[in-house]
Amino acid sequence: MTSPTSVPDDLSLAAEIEHLRATLTAHRSIGFPAAVDIDYGPVTSLFGLLINNVGDPETDPDTGHTKAYERKVIDWHADLFGAPADDRWGYLTGGGTEANQAAILLARDRFAGTSPVLYYSQATHDWIRKTAGMLNLPEVVIRTDATGEIDYDDLRGELARRRDRPAIVVANAGTTVTEAVDDPARVRRALSELAIRNAHLHVDGALAGVPLALLPDRPVAIDLGSVVDSVAISSHKFYGTTVPGGLVMTRRSLQRAARQISYTATTDSTISGSRCGQLAVQMWYALRLLGEDGHRERAERARETARFAHSLLASVGWPAWRNVHAFTVYFTTPPPAIARRHGLSNADGGISHLICMPGVTRQQIEALAADIATVKGTEQPSPSRGVRRLVPVAQLPRAAADRT
């Protein structure tokens, strides 16, 4: 696999652009969570235009914008996450990081002057830690279990030590390495039992928030009406948009009053000022093209591919694990040449993962397994005991691991 690490200086402009296109087309990784099955060709002509969705999505500026489509995208996801029809708000962001930052900033402002504490697990994305520093929030890191799910007893203990202070808790709907999912209902119950009334429960659903909400039995309560206070997702992961993006959703009643900016003729309620209007159209296009049932089918096909990947790696004798409903299969890191060839993501402690996003093929999985089979019988690295105490899938409780 190649990547554009250098720019050729001996090509014509047209040839250089074609070289870049070919290089990027060949750079397909199964270690990064980006769907590749939706063709956005019908809306790519819009990228020849400047479309600026500046400011709040509910106030329309005089410049060219696509906020009407942004509002459609927000409403679709507000329905999916159970936000009350008369108490919902969100906006499209530059990525999952900004979506999480916007939610945590909202939470901090809710409890301004009362020293809130941010709680998140050791499996949480590093950008949450960076956000804590940016917002000057005291932080408490919670242990995880063997699968990467938050340790609820440890969380409860840390919350109890600070019952007099507001709590901002981040639950994960798909951790970065194992795609573990924290249960918001259990977190909310702990907050309630400890009588912590000033609390904000946020879900980082960058990867798995939408796929989990699409499951018919809703195994995880990502519910903006009764359980959680905000949700963040990434558009370029499950939807595979061709520009990085995200979405933050919350209830309008949790917001502080925003200022009106006369220069832009919009309300100042977002972290970013200028925002990509093409992103709104791409997300609307994906939703309109496939609908809820179509995206549910995409998610289930991806899970089938993940079950296949887990089974195939096990069949060649390579230690591998998978959490329930996950697109991700994580396993003992293979030799560096194999990891590079397939674009695997490697974590500390000798663990790699592949993510069977929509569009990842069984042929890609088979090629990886064939390469791994060539080193079968050699000494295999073992995961560090200090990473997350990962154990073979057969030893995990039924509620935590997929046995297929």
Side-chain angles (χ1 to χ4, degrees), residues 81 96-209 212 220-224 226-233 248-251 254 323 386-389 400:
F81 292 124
T97 296
E98 183 189 343
N100 282 309
Q101 288 175 339
I104 295 171
L105 175 61
L106 166 68
R108 188 201 67 174
D109 288 351
R110 285 183 65 191
F111 310 125
T114 59
S115 301
V117 179
L118 178 66
Y119 300 84
Y120 58 87
S121 83
Q122 68 185 99
T124 299
H125 198 292
D126 287 340
W127 281 102
I128 300 296
R129 181 178 295 108
K130 183 173 183 178
T131 297
M134 293 171 64
L135 298 180
N136 197 28
L137 277 170
E139 55 192 296
V140 177
V141 182
I142 308 301
R143 292 192 297 265
T144 63
D145 68 10
T147 71
E149 185 175 355
I150 197 168
D151 184 325
Y152 301 99
D153 291 335
D154 191 35
L155 173 64
R156 184 186 178 91
E158 294 295 343
L159 288 169
R161 291 183 180 90
R162 303 166 184 85
R163 287 180 58 189
D164 59 328
R165 300 176 67 177
I168 304 170
V169 184
V170 176
N172 291 295
T175 57
T176 54
V177 177
T178 67
E179 203 181 320
V181 177
D182 304 329
D183 186 346
R186 292 186 66 177
V187 176
R188 179 61 73 185
R189 188 160 56 249
L191 291 165
S192 177
E193 290 172 353
L194 290 168
I196 301 177
R197 296 181 179 178
N198 290 331
H200 185 106
L201 176 52
H202 171 65
V203 173
D204 178 4
L207 171 57
L212 286 171
V220 180
I222 308 177
D223 189 334
L224 281 166
S226 60
V227 180
V228 308
D229 298 304
S230 55
V231 180
I233 67 169
V248 59
M249 288 294 316
T250 187
R251 297 189 297 278
L254 301 183
N323 283 316
V387 180
R388 290 181 185 89
R389 305 180 305 284

Item checked: Distance-minimising heavy-atom pair for Gly174 and Val181 -> N-CG2, 3.9 Å
Next item on the list: Drop me the distance from Ser230's OG to Met249's CE, to the nearest 0.5 angstrom.
Entry: 10.0 Å
Check: To the nearest 0.5 Å, how far apart are CZ in Arg143 and CG in Asp153?
Finding: 9.0 Å
Check: Do you know which two heavy atoms are closest between Ala199 and Arg110, and how far apart they sit?
Finding: O-NH1, 3.6 Å
Check: Under 3.5 Å, is there a donor-acceptor pair between the side chain of Ser121 and the main chain of Thr144?
Finding: no
Check: Quick one: are Pro184 and Leu201 in side-chain contact, heavy atoms under 4.5 Å?
Finding: yes
Next item on the list: To the nearest 0.5 angstrom, please state how far the CG atom of Asp145 sits from the CG atom of Asp182.
Entry: 9.0 Å
Next item on the list: Quick one: pull up CD1 in Ile104 and OG1 in Thr131 and give me the separation to the nearest 0.5 Å.
Entry: 5.0 Å
Next item on the list: Using modelled atom types only, decide if a donor and an acceptor are shared between the side chain of Asn323 and the backbone of Thr147 within a distance under 3.5 Å.
Entry: yes
Checklist line | Close side-chain approach of Val231 and Leu224, heavy atoms under 4.5 Å | finding: yes
Check: What distance do Asn100 atom CG and Ile128 atom CD1 have between them, rounded to the nearest 0.5 Å?
Finding: 4.0 Å
Next item on the list: Keeping the roles fixed (side chain from Tyr152, backbone from Ala190), state whether a donor-acceptor pair exists under 3.5 Å.
Entry: no
Check: Under the salt bridge (Lys or Arg N to Asp or Glu O under 4.0 Å) test, which residues partner Arg108, sequence neighbours left out?
Finding: none
Notebook entry, point to check: Salt bridge or not for Arg129 and Asp126, using N-O below 4.0 Å?
Noted result: yes
Margin query: Does any part of the side chain of Lys130, heavy atoms only, come nearer than 4.5 Å to the side chain of Thr97, both counted from C-beta?
Written below: no
Check: Tell me, do Met134 and Leu105 make a side-chain contact under 4.5 Å, heavy atoms counted?
Finding: no
Check: Could you give the distance from CZ (Phe81) to CD1 (Ile233), rounded to the nearest 0.5 Å?
Finding: 5.5 Å
Checklist line | Closest non-hydrogen atom pair between Ala103 and His200, with its separation | finding: O-NE2, 4.1 Å
For residues 161-168, please give each side-chain donor-acceptor pair under 3.5 Å, one per line with the distance, not counting sequence neighbours.
from	atom 1	to	atom 2	distance (Å)
Arg161	NH1	Gly157	O	3.2
Arg161	NH1	Glu158	OE2	3.4
Arg162	NH1	Glu158	O	2.8
Arg162	NH1	Glu158	OE1	2.8
Arg162	NH2	Glu158	OE1	3.4
Arg163	NE	Leu194	O	3.0
Arg163	NH2	Leu194	O	3.2
Arg165	NE	Ser115	O	3.0
Arg165	NH2	Ser115	O	3.2

Next item on the list: Work out which heavy atom in Ala180 is nearest to a heavy atom in Gly148; give both atom names and the distance.
Entry: CB-C, 3.3 Å
